[in-house]
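Note sheet for the following structure.
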There are 2 protein chains.
Amino acid sequence: MVSRQAEARRERTCALIVVGNEILSGKVRDTNAYFAVRELRGIGVALKRIVVVADELKTIAEEVRHCAARFEIVITSGGVGPTHDDVTVEAVADAFGRELVTDPQLQRIVDRHFPARAEAVRLKMALVPQGAVLNVGGEIAYPVVQLENVYMLPGIPQLFEDKLRALKDRFATDPYFMRAMYVNAAESTIAGQLSACLERFPDLMLGSYPTIGDAQYRVKVTLESKDRAYVDAAFDHLIGLMPEGAVVKTE
Amino acid sequence: MVSRQAEARRERTCALIVVGNEILSGKVRDTNAYFAVRELRGIGVALKRIVVVADELKTIAEEVRHCAARFEIVITSGGVGPTHDDVTVEAVADAFGRELVTDPQLQRIVDRHFPARAEAVRLKMALVPQGAVLNVGGEIAYPVVQLENVYMLPGIPQLFEDKLRALKDRFATDPYFMRAMYVNAAESTIAGQLSACLERFPDLMLGSYPTIGDAQYRVKVTLESKDRAYVDAAFDHLIGLMPEGAVVKTE
């Protein structure tokens, strides 16, 4: 596959850490990652890494430390519930070397939202890493806890999606523009043309995706940039390089 | 969520590294991870980590190094094609500090499978890390290159699935047995019962998965073990601990 990142252009980077033994064991199929991919793409945030890890404090902490140092935004999914094996908040604290402390504002919100829950449960739910920020306001009724560049979202898909939608404005930059062509030739046949296009348009993000068993085409080629005119120019250039009749469809 | 790993019992561990800008950017929805989850589970291999990384040599190498040192089996998906940005084989070599060399047996197979491809392409496809093994025989016509405990599979779903099915016998140990109960009570209400069950059956893998918007139940509880009698005994014990009428369905 051919692809190249437009390093020169400003874009925010993001990593997603999905905490979930239930996903690793196949009891639940993750949908949060694919949802996040599309939502983030739509606001011009480049998702660079997705990791699914087990519900183990040290494993989560290690991954949070790794991602927080490399990406501008880190989103975690899952492990923020009331049971003793929900360890994401503690793991994020551990990753930054912070203590867990009770947040008085969060305690009031927890008590108001979950009056029927046992006191021990409510006390646990109000614990945050020292220095954490609560994301509230707008469409967010129950807060998203944030420490530095790490946002801790719930794993239940409906809640994850609601929270991510509500946070999107805080992450947004400018969107990508994409065009695509479907080519009825082997990837190895058109590799030279793709490379030539990249040489002419070095900031282009160019992808080629071979398919099998599709009667219409053999490779989908995608061209992306945050500059619409740039991607249009590259598209026209590449079309001109392709073998006669090879491009069967464009988008 | 409550869950606990049966550390005392022997099980093979596995990590999956999915190489794919196209997945991170949402152009393609990954299906290989979910396929691998179920296949590996069926043969008793514990998948402990799934990572989706960009097509960057250093990033892939770093992840391969991390996983190869921690898990018994590492599977990579994608980045093994003929274009210059297919860098998985080179990244695996880099992870182990090996040179890339031409494998004469692989060169013969490549030349036979892809006679129409350019010579430069065929030469690249026969490069492997020094010391690599070719997995051939059985249902595998075109080989899977293996270095140490790392198996490099193609990313195209149909090929990935064929290869993984063919390799399964080499990975197999013994399967897990699972039972499940659907409970119409809040997770916080039954957290004590779940903990009590784990104290009595410490080797049990116990999971609780809250749902929203299902009229029938609020939490799915799963019990797993490689020992069928053990999981049955734990299941009966937990049923006895549950509030009257709370369990609405069992599997």
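Proteins come first, then strands; the chains are lettered A, B, ... in the order of their sequence lines, and each starts at number 1.
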Within the supplied structure, the quantity of interest is the number of heavy atoms (other residues, nucleotides, ligands) at a distance under 6.0 Å from Q216(A) CD; does it exceed 12?
no
Are there more than 12 heavy atoms of other residues, nucleotides or ligands under 6.0 Å from atom CZ of R228(A)?
no
Measuring from [X]:[atom1] to [Y]:[atom2], what's the distance to the nearest 0.5 Å?
X       : Y       : atom1 : atom2 : answer
D85(A)  : L206(B) : CG    : CG    : 9.0 Å
S188(A) : K124(B) : OG    : NZ    : 12.0 Å
N21(A)  : Y209(B) : CG    : OH    : 6.5 Å
Q158(A) : T211(B) : CD    : OG1   : 8.5 Å
E187(B) : D86(A)  : CD    : CG    : 6.5 Å

For chain B, the option from T189(A), V37(A), L16(A) that forms the most heavy-atom pairs under 4.5 Å:
V37(A)
Decide yes or no on side-chain contact (heavy atoms from CB on, under 4.5 Å) for H66(A) and E62(B), but give the supporting numbers first.
CA-CA 11 Å; H66(A) 178 95; E62(B) 181 181 35; 3.6 Å; yes
For [X], which atoms come within 4.5 Å of any heavy atom of chain A: side chain, backbone, both, or neither?
X       : value
I156(B) : side chain
L159(B) : side chain
E39(B)  : neither

At a heavy-atom distance under 4.5 Å, which candidate from M178(B), R29(B), E224(B) has the highest pair count against chain A?
R29(B)
Against chain A, work out which of A180(B), G26(B), S25(B), A54(B) has the most heavy-atom pairs shorter than 4.5 Å and name it.
S25(B)
Criterion side-chain contact (heavy atoms from CB on, under 4.5 Å) on K48(B) and E56(A), from CA distance to verdict:
CA-CA 10 Å; K48(B) 304 289 280 181; E56(A) 301 160 356; 3.5 Å; yes
Mind jotting down which residue pairs meet the ring pair (Phe, Tyr, Trp, His ring centres under 6.0 Å) criterion with at least one end in residues 180-207 of chain A? Sequence neighbours excluded, please.
Y182(A)-Y217(A), F201(A)-Y230(A), F201(A)-H237(A)
Could you tell me if the side chain of I50(A) sits less than 4.5 Å from the side chain of L24(B), heavy atoms only?
yes
Using side-chain heavy atoms (C-beta onward) and a distance below 4.5 Å, is K27(B) in contact with R41(A)?
yes
